[in-house]
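Before any comments, here is the structure.
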Amino acid sequence: MKVNTQSVNFNADQKLIDFIQKRMDKLDMFYDKVIKSDVYLKVENTSEKENKIFEARVSVPGDSFVVKKQCKSFEEGADVAVSSLERQLKKRKEKLRSHL
């Protein structure tokens, strides 16, 4: 799956981009009709520790899913967001199956 990663106000290193790609590739196991996914990484200028925002938009035929998570690290955000997307994609797949 093609993952477009954009980092806002900072430069993401290759290790982080590879990590996100690997996590997002897992979604193919649950729903094989994923067209593309866009990932946005943002750092908020606050004194809080949870200032990393991980936002993912996954496009599937006829729909798209958006998940936005705020965590201490982008890796943690990726894990939480992917598990949330996993549930949504499984739900969609079940819904499509029941209509057949």
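With sequence neighbours excluded, no residue forms a side-chain hydrogen bond (donor to acceptor under 3.5 Å, both in side chains) with Glu50. Applying the side-chain hydrogen bond (donor to acceptor under 3.5 Å, both in side chains) test to Asp25 and every residue at least two apart in sequence or in another chain returns Gln21. Residues meeting the side-chain contact (heavy atoms from CB on, under 4.5 Å) test with Asn51, sequence neighbours left out: Val43, Glu44, Thr46. Asn4 is linked by a side-chain hydrogen bond (donor to acceptor under 3.5 Å, both in side chains) to Lys2, Asp38, counting only residues two or more places apart in sequence or in another chain. When the side-chain hydrogen bond (donor to acceptor under 3.5 Å, both in side chains) test is applied to Gln14, the partners found at least two apart in sequence or on another chain are Asp18. Applying the side-chain contact (heavy atoms from CB on, under 4.5 Å) rule to Asn11 yields no partners; only residues at least two apart in sequence or on another chain are considered. Glu48 is linked by a salt bridge (Lys or Arg N to Asp or Glu O under 4.0 Å) to nothing, counting only residues two or more places apart in sequence or in another chain.
Counting only residues at least two apart or in different chains, salt bridge (Lys or Arg N to Asp or Glu O under 4.0 Å) contacts with residues 56-82 comprise Arg23-Asp79, Asp63-Arg92. Listed by first and then second residue, the ring-ring contact (aromatic ring centres under 6.0 Å, His included) pairs that reach into residues 17-52 come to none, sequence neighbours excluded. Pairs of residues two or more places apart, or lying in two chains, that qualify as ring-ring contact (aromatic ring centres under 6.0 Å, His included) and include a residue from residues 60-94 are Phe10-Phe74.
Scanning both residues, Ser84 and Val67, for their nearest heavy atoms gives OG-CG2, 4.0 Å. Taking every heavy atom of both residues into account, Val80 and Ser83 meet most closely at O-OG, 2.9 Å. Across Cys71 and Gly77, no two heavy atoms sit closer than the pair SG-CA, 3.7 Å.
Lys36 places a side-chain heavy atom less than 4.5 Å from the side chain of Ser59. Using a 4.5 Å heavy-atom threshold, the side chains of Ile35 and Pro61 count as touching. Contact of the Val8 side chain with the Leu41 side chain is not registered, since no non-hydrogen atoms from C-beta on lie closer than 4.5 Å. In this structure the side chain of Met24 reaches within 4.5 angstrom of the side chain of Ile20, judged on heavy atoms.
Transitive grouping of hydrophobic side chains (ILVMFWY, heavy atoms separated by less than 4.5 Å) brings Leu16 and Val3 into a common cluster.
Rounding to the nearest 0.5 angstrom, the gap separating the CE atom in Met1 from the CG atom in Asp32 is 11.0 Å. The OG atom of Ser37 sits 7.5 Å away from the CG atom of Leu27 when rounded to the nearest 0.5 Å.
Under the 4.0 Å criterion applied to side-chain N and carboxylate O atoms, Arg97 and Glu94 are assigned as salt-bridge partners.
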